[in-house]
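Just below is one structure, and these are the notes that go with it.
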Amino acid sequence: MHVYSVFVLLSAIGICTALFGSNSNVVPELEKGWEHVTAGSTIKLSHVKSNARLMMPQVSYGTGSQQQAITAHLDAAATKGLWRVEVKESLRGQPVLCGSQIRLINSDTDHGLHSHSAHKSPISSNQEVSGYDGRDTGDLWTVECSQEKWMRETPVVFKHVDTSKYLLSLPNKKFGQPISGHQEVCAGKNADSNAQWMALEGYYFSRRLNEAK
């Protein structure tokens with residue numbers, strides 16, 4: 001269990017809303033105290049290489065597990081790309097430490113970002129990544145980053161706990177109808193440029209210290 005002694009005296013939780021209603025690439029400067037991705041926040045993840053957002057378009061795979069498809073798409077305004085960050089034994093608003101195991105839960109459907117070695121992705125034949133209506137260890141991902149804590153607007157990679165594969169999106173592997181233009185999201189063995197993601201738009205919680213008067 002992680003202990004965050006700096007937060008022991010906190011009495012309130014603040015919420016910060018980042019704009020996500022447009023496709024603008026202009027990102028406002030982060031205010032002090034809101035630099036981290038925190039437990040309980042609902043965020044959008046941008047694929048660094050392509051600027052596409054991680055999404056669950058509510059279309060099932062026609063092959064493999066036949067669970068919900070996971071894709072990446074350039075429509076930054078779509079609500080299907082909002083993911084709740086769940087961290088075991090962390091209070092809402094606590095910064096996520098690099099190396100933490102997390103779940104990413106789609107806010108529209110409550111499906112978890114999931115992977116499994118038994119099925120191949122439909123285009124590239126890498127490991128399938130799906131939206132799963134349930135909870136098991138296939139939903140767990142380790143946040144790997146170079147700082148102590150997961151920073152917003154800073155590249156990180158997600159390593160699947162069960163299979164040690166990395167969450168990827170492949171800009172040159174795109175679906176046809178009914179999700180034309182969506183990039184394939186899958187899991188692969190290399191933490192290369194296809195595996196880098198950044199937390200951008202969303203609702204971020206922060207735990208704040210009582211200020212001495």
Side-chain angles (χ1 to χ4, degrees), residues 16 18-30 34-38 41-57 69-85 87 95-107 112-115 121 123-124 126-131 140-161 163-175 179 181-204:
C16 172
L19 296 176
F20 60 90
S22 76
N23 286 310
S24 172
N25 289 323
V26 177
V27 180
E29 183 177 350
L30 296 176
W34 301 100
E35 305 96 335
H36 301 112
V37 177
T38 54
S41 293
T42 299
I43 67 175
K44 290 190 177 184
L45 288 167
S46 175
H47 185 239
V48 174
K49 188 174 182 179
S50 64
N51 200 37
R53 302 304 193 269
L54 184 71
M55 293 196 179
M56 201 184 89
I70 300 295
T71 66
H73 195 261
L74 291 171
D75 184 5
T79 60
K80 295 175 182 178
L82 283 166
W83 300 87
R84 186 174 69 254
V85 181
V87 189
V96 179
L97 297 179
C98 297
S100 295
Q101 292 184 7
I102 68 167
R103 283 185 166 91
L104 292 168
I105 307 300
N106 185 265
S107 64
L113 185 72
H114 186 87
S115 192
S121 59
I123 303 177
S124 67
N126 284 300
Q127 184 171 295
E128 183 188 271
V129 172
S130 64
L140 291 173
W141 301 83
T142 300
V143 184
E144 294 189 354
C145 39
S146 57
Q147 304 86 8
E148 179 186 0
K149 299 171 184 176
W150 182 4
M151 301 287 293
R152 294 169 58 188
E153 301 177 18
T154 301
V156 301
V157 298
F158 301 103
K159 188 175 184 179
H160 190 238
V161 171
T163 65
S164 297
K165 299 290 182 67
Y166 290 93
L167 184 69
L168 312 176
S169 184
L170 304 175
N172 62 337
K173 304 293 185 183
K174 294 185 178 180
F175 290 94
I179 49 174
H182 285 242
Q183 296 170 194
E184 183 178 72
V185 169
C186 55
K189 62 181 181 180
N190 295 321
D192 57 17
S193 61
N194 290 317
Q196 294 185 345
W197 301 85
M198 285 196 303
L200 292 184
E201 309 93 342
Y203 298 95
Y204 290 85

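We're numbering straight along the sequence, starting at 1. For the numbers below, each heavy atom of this structure counts, side chains included, while hydrogens, waters and symmetry mates do not.
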Closest approach of [X] to [Y] (non-hydrogen atoms, all atoms of both residues):
X	Y	answer
Val185	Trp197	CG2-CH2, 4.4 Å
Val156	Cys145	CG1-CB, 3.5 Å
Ser115	Gln127	OG-NE2, 2.8 Å
Trp34	Arg152	O-NH1, 2.8 Å
Ile102	Phe158	CD1-CE2, 4.0 Å
Ile43	Trp150	CD1-CH2, 4.0 Å

Enter the distance from [X]:[atom1] to [Y]:[atom2] here, rounded to the nearest 0.5 Å.
X	Y	atom1	atom2	answer
His73	His47	NE2	NE2	14.5 Å
Asn51	Leu200	CG	CG	7.5 Å
Thr38	Tyr203	OG1	OH	14.5 Å
Lys173	Ser124	NZ	OG	6.5 Å
Thr71	Ile123	OG1	CD1	10.0 Å
Leu82	Ile105	CG	CD1	13.5 Å

Heavy atoms from other residues, nucleotides or ligands near CD of Glu148 exceed 12 (cutoff 6.0 Å):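 It does not: Glu148 CD has 12 such atoms or fewer within range.
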Contact check, side chains of [X] and [Y], non-hydrogen atoms, under 4.5 Å:
X	Y	answer
Ile179	Met55	no
Val37	Val143	no
Asp192	Leu168	yes

For the backbone of [Y] and the side chain of [X], can you confirm whether one donor and one acceptor N or O come within less than 3.5 Å of each other?
X	Y	result
Lys165	Glu128	no
Ser100	Cys98	no
Thr142	Val161	no

Arg84: partners by salt bridge (charged side-chain N to carboxylate O under 4.0 Å, His left out), with sequence neighbours left out: Glu86, Asp110
Side-chain H-bond candidate by donor/acceptor type, Gln183 with Ser50, under 3.5 Å: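 Yes, side-chain donor-acceptor contact under 3.5 Å.
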Pairing donors with acceptors under 3.5 angstrom, does anything connect the side chains of Lys49 and Asn194? yes
